[in-house]
Amino acid sequence: MRQRSIFALVDCNNFFVSCERVFRPDLLARPVAVLSNNDGCVVARSNEVKALGVPMGAPYFKHKSVFERHGVKTFSANFRLYGDMSQRVAQTLGQFSPQTEMYSIDESFLDLSDLEIEDLQAWSNGVAKVVKRHTGIPVSVGVGASKTLAKAATELVKQERKDSGGGLSLVSLQNEYPASGKLKNLPVGDVWGIGRRFEAKMLGYGIRTAYDLAALNDRWVRQQLGVVGLRAVKELRGESCFGIHQGSSLDGQKSISATRSFGKGVGSLHQLESAVASFVARVAVKLRSKDQLAWQMGVFIQTNRHRPPYQTFTGQACLTGPSSNTTELTRQALTVLRRMYDSDFSYKRAGVFVNSLVSADSQQLPLVGDASNMLDRLNSQDRLMAAVDSLNSRYRGAIGLAVRGVDSRADWQSRRRNVSPAYTTSWNELPRVGAKGF
DNA sequence: TCTGGGGTCCTAGGACCC
DNA sequence: TCTGGGGTCCTAGGACCC
């Protein structure tokens, strides 16, 4: 008989900010924020910035004066750096359980069900210490009988806002559900699976905490919050509904996209073509890096969301066969774009997506035509694309189709005024010893 | 002037079929 | 007084996650 489930969630504290601080220890006790593309939104906040009352995802311009008044150091998002740091954390976690799932760039679940750990509370604190020592990233470690409870535990740890990180186990041998007496301290909106809408609905009924939520009647929950909400509630009671997906949550993903808001409004078809072509290139690289091919692709262009009339144009193309070939995908994308382009509008955002993905090695050859010819052609395309990918990873963005354009100051390019160096992935960007903070 | 980007799953309703 | 009914597929929209 399988024993009960036990999960841990390791959640990196203020992850993007913590990454920047690893290489800028001078910023450790100072307020720091990381901004999204175009320096538009606040996507990571140090505890000092949280204390200023700046919410997650807030438009930067609305808080700019507060930032200046308090000397908040801001960075433009540097995803190459964060991705690399994320890998380091994941690697460290591998030593604590053979069953790990990288859930997002800053969170991993560990399955502890089959491990013999006597003191889960001490264990969780230990994990936090080791990760901090190995990577410099402070983490919150939560342990529970379900993923949702593990998640709840990390939320409770984070309430303490300790810069060094720490752990909490909600699993005790004596009692399970009432052990969640601690859940009285967790606001209902902080429960995994309860977003803004569901939170408002629950508050309307006087349900304020995770504890209140767990005590509700199943049928009523099903009615109000659907099967998703019901699962969340069951998980809160320690009834595990979700297992571990070994590897990454994104393994076997169903779609891939590349979308961006533009630095300025873009009206000309020529510029949109250049933007879309560069998005296709990104998507195709992602496809190839995952050994995937797509049967379907789509393009969308949008006007400014905050300035009515807001318009979105979307078009889809069915490919003649599954592909990850940049040239072919670009041709299709541009056809779609030209078909739906309307010169009366100025566009602020565009994107390219692919779906109906299949694994490249399970690719079916066409039923008609000379299969060996087809194979040759596919192989030569594969080799070309592999060569392009390898050159581009070494000399970032060196090679591309001409339509993509080469003007890095084009209107559609994002503004990123304060990017930190690629400390961990580019020798050229390593600071000299003795420079500020080293 | 200035508001991110990448995903998933569920549900309701319409089309279509027998 | 009556205008079937059930299954399946697709799509759009809404909710959620980080």
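Worth knowing before you read on, the calculation uses all heavy atoms, side chains too, and leaves out hydrogens, waters and symmetry mates. Each chain gets a letter, A, B and so on, in the order its sequence line appears, and its residues count up from 1.
- Atom CZ of R282(A) has 12 or fewer neighbouring heavy atoms from other residues, nucleotides or ligands inside a 6.0 Å radius.
- Ring geometry, F279(A) versus F262(A): the interplanar angle falls under 30°, so the pair is classed parallel (tilted spans 30 to 60°).
- Between S255(A) and dG6(B), a side-chain N or O to OP1/OP2 separation shorter than 4.0 Å is absent.
- Close to dC17(C), at under 4.0 Å from its OP1 or OP2, lies no side-chain N or O of S104(A).
- Among the heavy atoms of the strands, none lies under 4.0 Å from G226(A).
- Classification of D218(A) and R237(A) as a salt-bridged pair holds, one side-chain N sitting under 4.0 Å from a carboxylate O.
- When rounded to the nearest whole Å, the span between OH of Y310(A) and C1' of dG13(C) equals 13 Å.
- Across all strands shown, dC9(B) is found opposite dG14(C) as a Watson-Crick or G-U wobble partner, with both distances under 3.5 Å.
- Within 4.0 Å of R231(A), counting heavy atoms only, lie sugar-phosphate atoms of the nucleic acid but no base atom.
- Residue contacts shown for A258(A) are limited to sugar-phosphate atoms, with no base heavy atom under 4.0 Å away.
- Here the nucleotide nearest the side chain of V227(A), chosen from dT11(B), dG4(B), dG7(B), is dT11(B).
- K201(A) comes within contact range of no nucleotide atom at all, as no heavy-atom separation falls under 4.0 Å.
- Across the interface with DNA chain B, nearest-nucleotide mapping of N38(A) and R307(A) shows R307(A) to be the residue nearer the 5′ end.
- As a whole-Å value, the separation of E101(A) CD from dC18(C) C1' is 13 Å.
- Within the 4.0 Å cut-off from OP1 or OP2 of dT3(B), not a single side-chain nitrogen or oxygen of R305(A) is found.
- Atom P of dC18(C) sits at a distance of 30 Å from the matching atom of dC2(B), rounded to the whole Å.
- Among the atoms of the strands shown, only primed sugar atoms or phosphate atoms (P, OP1, OP2) are found under 4.0 Å from some heavy atom of V191(A).
- One interatomic measurement links the two molecules: CZ of F242(A) to C1' of dC16(C), which rounds to 11 Å at whole-angstrom precision.
- Atom CZ of F67(A) and atom P of dT3(B) are 15 Å apart (whole Å).
- Regarding K286(A), its NZ atom lies at a distance of 10 Å from the C1' atom of dG7(B), rounded to whole Å.
- A salt bridge does not link E239(A) with R4(A): none of the charged nitrogens is closer than 4.0 Å to a carboxylate oxygen.
- Nearest to the side chain of T259(A), among dC17(C), dT11(B), dG5(B), sits dG5(B).
- Put simply, CD1 on I194(A) is 17 Å from C1' on dC18(C), counting in whole angstrom units.
- Heavy atoms of K147(A) sit nowhere under 4.0 angstrom from any nucleic acid atom.
- With the nearest nucleotide of DNA chain B identified for both H306(A) and V228(A), H306(A) has the one nearer the 5' end.
- Taking only side-chain atoms of R260(A), from C-beta outward, the nucleotide of dG6(B), dG4(B), dG7(B) with the closest atom is dG6(B).
- Across all strands shown, F198(A) has heavy atoms under 4.0 Å from sugar-phosphate atoms exclusively, and none from any base.
- Using modelled atom types, one side-chain atom of E235(A) and one backbone atom of T148(A) make a donor-acceptor pair closer than 3.5 Å.
- OP1 or OP2 of dT3(B) sits under 4.0 Å from a side-chain N or O of K348(A).
- For the OP1/OP2 pair of dT3(B) and a distance below 4.0 Å, the side-chain nitrogens and oxygens of R349(A) include no atom meeting the criterion.
- One can place CZ of R197(A) at 16 Å from C1' of dC17(C), the figure rounded to the nearest angstrom.
- Between R21(A) and E48(A) there is a salt bridge, with a side-chain nitrogen of the basic residue lying less than 4.0 Å from a carboxylate oxygen of the acidic one.
- Rounded to whole Å, atom C1' of dG4(B) lies 10 Å from atom CZ of F16(A).
- Under a 4.0 Å N-O distance rule, the pair D389(A)/R288(A) qualifies as a salt bridge.
- Residue-level contact check: K254(A) touches the backbone only, with heavy atoms under 4.0 Å from sugar-phosphate atoms and none from bases.
- No contact: I105(A) has no heavy atom under 4.0 Å from any strand.
- Contacts of D106(A) with the nucleic acid, taken as non-hydrogen atoms under 4.0 Å apart, involve only primed sugar atoms and P, OP1 or OP2.
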